[in-house]
Amino acid sequence: IMPSLVGSEMCIRDSFYVVADFNDVVSRRKFLQGSFALGSGAFIAATIGPAKATSFLSGFNGISFNPVPANGKDTITLPKGFSWHKVASWGDPLWSGVDDFDQITRGTGESQEGSFGDNNDGMSLFDIEGKSILAVNNEYCNRKIIYGNRASGLPETSDDVRKGIASHGVSIFEIEKKLGKWKIKKDSLYNRKITGDTKIALDGPAAGFYLMKTDEDLTGKVAKGTFNNCGNGRTPWGTYLACEENFHGYFSSPSNPSASIPPEQARYGLKTKDKGYNWVMNQDRFDLVKNPNEVNRHGYITEIDPSKPQSMPRKHTAMGRFKHENCEVSISKNGQVVAYMGDDERGEHLYKFVSKGKYKKGASSNYDLLTEGELFVAVFNDDGTGKWINLKESGMSEPEIAIFTRLAATKVGATTMDRPEWVAVNPKKVEAYCALTNNKNRGVKDNQPINAVNPRENNPYGQIVRWTPSNSDHASVDFKWDLFVMAGNPETAEGLYKGSENINKDNMFNSPDGIAFDSKGNLWIQTDGKYSNSGKFAGMGNNQMLCANPRTGEISRFLVGPKECEITGITWSSDKKTMFVGVQHPGEKNPDSCHFPDGGNSVPRSTVIAITRNNGRAIG
């Protein structure tokens, strides 16, 4: 019997929870309408009844709101009693003297180097000497929009490329609250742009390895640039972790268009053509033929100290090279750092890094904890158990494992997953969650068979898996897992595609992507899925953010974003009275149909928003 799709039953008595025994719940509830056969066993899981559509109570201390309906509006929709305002949008200056965003030209290379980047994703807020410092990933640029002043919708000049490079990376800036609203504080000593041109140190087993050396860097220890950073992480010692994802899309081989791509690089999606960024126009290092080792220097976790704006960021090769989604950091029982990481591609894997050294509060040695350790990959068994396999068992050398992590994972028999995205660790219980967003190849490609953790062929909706490490220790190699929720459409779909029983017509969604816990233990779910609002996705509306109770499985919609956006990135002010949320690529396919956040006939711009309660109370 496989563990439950949702945690456990609850009743409310004087605002605290009485939780039924987990095993009792598993034994008496079946998943959906019946069992899902898997080999000689059965896929049986506990479920709850439909979530209430009119009110919602989640978490140990509770957060109450009336769920909002799905919609296709070109704005932010929140429950009654909550308000939002813009904090920063693509092109907003971080320093005086930088031109304001130009709706016609969409800026220049120079102005973008001094402004907030495009397509904000993962982010964290740091309280440094009483100041609020926001660190935000700028994953990529919307080429149709940033180059909307060009007939081709693509970079046509060297300055266009310069602007594109500067729109990527990480924007770090102080924000301050004036007249009840958060704004960028221009010229703060903490304001900083880290882009595709910034020098970044390489450390760990691959630093200095021959596959990391280039004509520009004969040492193999100083990379140039970080880009396509998706989700993020933060460390207990106060640093920010940017996570390089789809780095392959910036490389090409114009010097030899017919060049063959080595299989170990093809595994990462490298091709002779890039995704239209054309960075090779300005820098030969993006030519795979002229500089074959340059690509090996990208695809890592990049650590940045927001308290020291002059410090050099570091890429930690010990944590592996793949298409990182986010990096969720926790501390094990004996003080080792445990970092969970998803590789966001169909049929890729879930990883865990365990540091060699131990965390000591206030110690300077903490800054080196991510430079050395063991890298593991997950195997999910159909009986609800799992194991973390050390990649050293692949027989590859440590530098090879660091650079070609995916190959090592395949060698040790890791479970192929439905696109592992954000991982979140529950602050109230020793357990972790990972969003598996969707996978059209599940049950179609030979290396991606249907199994208990990925139970649907051509999975359009996604699910969230949860695991509990043995001995209540994140450093343990054994764990037990269940599915917290299977997204679906109970109105139009059949069987497993209806979703788990905690999905109903009032809270249905598809493609869970960003997930994070607040300080009270509520799980926030952000989506990056189909917004056609038709067919399989009828009734789901625009992408959204939901709040889930991890103890009961109850899920309720809190926010709906504007047209064609993704909701991604979440963090809180130090007093928890403001929740910051990211709105990425509004109007991505049809820019003329979306005008968020400025309205009128304005250009749609990726934006960080602030959400507050009208009564001034905490929100998370």
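The shown structure was predicted, so the numbers you read here are calculated from the model rather than taken from an experiment.
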When you compare the side chains of [X] and [Y], does any donor N or O come within less than 3.5 Å of an acceptor on the partner?
X	Y	value
Asn138	Ser171	yes
Asn119	Glu139	no
Trp572	Asp518	no
Thr527	Asn543	yes
His298	Lys315	yes

To the closest 0.5 Å, what do you measure between [atom1] ([X]) and [atom2] ([Y])?
X	Y	atom1	atom2	value
Asn228	Phe247	CG	CZ	9.5 Å
Ile261	Phe251	CD1	CZ	11.5 Å
Met312	Lys199	CE	NZ	6.5 Å

Does a salt bridge link [X] with [Y], judged by any charged N lying under 4.0 Å from a carboxylate O?
X	Y	result
Asp343	Lys323	no
Asp305	Arg192	no
Arg297	Glu294	yes
Asp418	Lys445	no

[X] (side chain) donor-acceptor with [Y] (main chain) under 3.5 angstrom:
X	Y	value
Glu244	Gly299	yes
Arg466	Pro550	yes
Asp197	Gly225	no
Asp217	Val222	yes
Thr195	Gly169	no
Asp513	Asp528	no
Gln463	Val453	yes
Glu421	Glu325	no

Identify which one of Arg456, Arg419, Glu457, Gln448 satisfies the side chain to side chain donor-acceptor pair (under 3.5 Å) criterion when paired with Asn439.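 Result for side chain to side chain donor-acceptor pair (under 3.5 Å) with Asn439: Gln448.
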
Could you walk me through whether Asn438 and Ser511 satisfy the side chain to side chain donor-acceptor pair (under 3.5 Å) test, starting with their C-alpha distance in whole Å, then the side-chain angles of each, then the deciding distance to 0.1 Å, before giving a yes or no? CA-CA 6 Å; Asn438 57 53; Ser511 303; 3.0 Å; yes

Can you give me the closest heavy-atom contact between [X] and [Y], atom names plus distance?
X	Y	result
Trp422	Asp121	CZ2-OD1, 3.8 Å
Ile301	Cys243	CD1-SG, 3.6 Å
Leu369	Ser355	O-CB, 3.2 Å
Asn137	Ala242	OD1-CB, 3.6 Å
Met212	Ala206	CG-O, 3.0 Å

Student check: side-chain heavy atoms of Tyr250 and Asp274 closer than 4.5 Å: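 They are not in side-chain contact.
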
Indicate yes or no: at least one non-hydrogen side-chain atom of Phe509 is less than 4.5 angstrom from one of Ile503.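 Result yes, sub-4.5 Å side-chain heavy-atom pair found.
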
Given the ring of Tyr367, does Lys308 sit roughly above its face, with NZ or CZ under 6.0 Å from the centre of the six-membered ring and within 45° of the axis?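 Yes, Lys308 lies over the aromatic ring of Tyr367.
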
Whether Arg406 engages the ring of Tyr268 as a cation-pi pair (distance to the six-membered ring centre under 6.0 angstrom, angle to the ring normal within 45°) should be assessed.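 Yes, Arg406 sits over the ring of Tyr268.
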
Does atom NZ of Lys224 have more than 12 heavy-atom neighbours, drawn from other residues, nucleotides or ligands, at distances under 6.0 Å?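 Buried by this count: over 12 neighbours within 6.0 Å.
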
Determine whether the aromatic ring centres of residues Tyr351 and His324 are separated by less than 6.0 angstrom.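 No, the ring centres sit 6.0 Å or more apart.
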
Could you tell me whether Tyr433 and Tyr340 have their ring centroids closer than 6.0 angstrom?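 Judged by ring-centre distance (under 6.0 Å), Tyr433 and Tyr340 do not meet the cut-off.
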
I would like to know whether Tyr277 and His168 meet ring pair (Phe, Tyr, Trp, His ring centres under 6.0 Å); could you show each step before the answer? CA-CA 11 Å; Tyr277 299 104; His168 287 64; 5.5 Å; yes

Check step by step if ring pair (Phe, Tyr, Trp, His ring centres under 6.0 Å) holds for Phe479 and Phe380. CA-CA 9 Å; Phe479 60 89; Phe380 289 83; 5.3 Å; yes

Could you walk me through whether Arg314 and Thr371 pass the side chain to side chain donor-acceptor pair (under 3.5 Å) test, one step at a time? CA-CA 9 Å; Arg314 295 181 294 168; Thr371 65; 5.9 Å; no

Take the angle between the ring planes of Phe227 and Trp279 and call it parallel below 30°, perpendicular above 60°, tilted in between.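 Phe227 and Trp279: perpendicular rings.
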
Go through it in stages, so that I can follow the logic: the residues are Asn232 and Ser124, the test is side-chain contact (heavy atoms from CB on, under 4.5 Å), and I'd like the CA-CA distance, side-chain angles, deciding distance and then a yes or no. CA-CA 8 Å; Asn232 70 296; Ser124 291; 2.9 Å; yes

Tell me, with the steps shown, if Asn549 and Glu554 meet side chain to side chain donor-acceptor pair (under 3.5 Å). CA-CA 5 Å; Asn549 185 327; Glu554 188 179 17; 5.1 Å; no

